[in-house]
Each structure stands twice: as C-alpha cells, then as structure tokens.
Undergrad: 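What follows is a structure written as structure tokens; I'll ask about it next.
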Amino acid sequence: MARGTGIRVLTGIFAVGLTFCGAATPAGAAEKLRVLIIDGQNNHTWKNMTPPMKADLERSGRFDVTVATTPPAKSPKEAWDSFHPDFSKYDVVLSNYNGEAWPKRVQKALEEYVAGGGGLAIIHAANNAFEGWPEYNKMIGLGWRKPSFGDRLTIDDAGRVVRTPKGEGPGSGHGPTHPFTIKVRKPDHPITKGMPAEWLHAKDELYHGQRGPAENMEILATAYSDKEHKGTETNEPMIWVIPYGKGRVFTTVMGHVMGDDDVAIECPGFRTVLLRGTEWAATGDVTIPIPDDFPKSGK
Ligand code: ZN
C-alpha cells in the first residue's frame, strides 16, 4: 500500500516536470504523427533514400520517424523471425521496400492495421513489390506488373479516366530519366490543394503502364509520357490515393534513387508530396504548407 502511494507521488512529480518541459518545446510537438519507414531490400539504393526522407519528415516538425529494416535478401527463415513491426504504434507506415515477400503474419498485420484506420505511404519502387499479395495489390491499386496482371488507368486530354483492360496495351516500364511536368488533376484534394496546376519535377523516372485491380483509385496528378523519352504518349498517374477499410493509402511513383543520384527526391516538389501525402495517409487531412521554393510551371 505504502509503495503504491509512493509511485503515485512520483508520477505526480514527473507529470509536473513534463508540463514545464512541454512549455519549452515547439507548438504542436505533442501531436506529432508517428511514422514507421520500412526498408531493407530494394532494387534502388535504399540506404541513400531513407535518411533524407526521414530528415525531411522530421524537419517539418510534424512527424516522429522510426525505421524498421528487414533482413537482407536470401536470409534464412530464422532471420525473419525477428521482423515483427508493431504497426499499431504508428499513425502511418511508409514503404521504401521492394524485395522478398514478408512473412504471412506481417502481411496480415499490415492488412489489419490499414483496414483498422492506419495510413500507408508507397514511394516509387515500393509499388513494384509483392505481386503475389492480393490485399497489397488492392491497397496500392496499380503496381509494376505485366499487362496480363490487371487493368491500367490513364487520363485523356479531356481529363477523363481511361481504363485499359488487362492484356491490352503496354505493361510497366519507363524511359530514360528526365525532368517532366506534373499536372494536378484534383486541385481540391488536401495533398494537392494550393499546388500550381502544373509544375516541373526534377529528373526522375516517369513510370508508365502500371497494372492492378485499380479499384477506388483517385488520381491526384499525372505526367505526360512522351515519345521522345520512350513513353506511352498519354497521361500516366504519378500520385494517387485509395481507401482501404477505415484506412488510407497514398502512392507516388516519383522518387528514383540510384547510387548517389538522388536528384528526384531532392526536388522540393517531391519533398512536398512526400510530406503532405504521408500526413494525409496518417490523418486524412493536411496542415503542412506548400513551401516558397515549390516548383513553378514546367512551361
Ligand atoms: Zn527507379
């Protein structure tokens, strides 16, 4: 009994101390969103990608970021036994992972987490991953797949969404990296609200022919895939969102990093999309402003 009382007294003192500490921290710090970045395998230089994305997220003042790194490729099964991220501790999971299938229990845990209201952010080649995981394909809508895998969505010159059935048209690919114009298609969505209608993205891969179930997809921005860069001569989705149960999934296929070439993720346009997309996935709303150095029209 006496011991319990002592703990209560100590807790009270600690709480008072926290109050004073709180006064010295930035406004809103108590409401920081918890992000879990997952990396560890990728056909890109993920070790040069996670730290700058983590730094950008933290610098915004909106996020606390934790990184979970999977075992490397071809690890024995026992190595995966220690990979069991507790998604429930986070407001949003950000995937910088494109590699071997996760254990079924981790797949199930992510499905339950997002369906229960969690956020998921998919960056660049993270949408190449997990072709054999049906619920993941539903969450990302479109992935780097063959034409026979699923439908394709593009946007025509009149701004209408065009669904190309599976088996027809090109599969996933990209031409040589180059700067390209991002065209905002949903200017009232929290992620894109306030962005210029068109803005010039830094040199990056322009993904085309992404395939999947493409259900409930809202395409927020596209880029014209031109013939000069071995493209498809149509408007390919660059940023999109999908509801999954009570949760939200945000995808951008921008963000190619290979070796020291990180021009794409250094682009203030990409960085803003990363922050705002991640915040939206976590909360369904965006408070992070469009910065002054956001790119202007590509024309
Ligand atoms: Zn790439």
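Every number for a ligand or one of its atoms is a count from 1 in the order of the listing.
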Undergrad: Any idea which N/O/S atom from Glu205 gets closest to the Zn ion (ligand 1)?
TA: OE1
Undergrad: Nearest 10°: the angle subtended at the Zn ion (ligand 1) by His256 ND1 and His124 NE2?
TA: 110°
Undergrad: With no hydrogens and no angle check, is any side-chain donor or acceptor of Asn42 less than 3.5 Å from a backbone partner on Asn96?
TA: yes
Undergrad: Would you say the side chains of Asp285 and Thr283 form a donor-acceptor pair under 3.5 Å?
TA: no
Undergrad: Of all the atoms in His174, is at least one N, O or S atom closer to the Zn ion (ligand 1) than 2.8 Å?
TA: no
Undergrad: Distance alone, cut at 3.5 Å: any donor-acceptor contact between the side chains of Glu236 and Thr154?
TA: no
Undergrad: Determine yes or no for a side-chain-to-main-chain donor-acceptor pair under 3.5 angstrom, with Tyr207 supplying the side chain and Pro237 the backbone.
TA: no
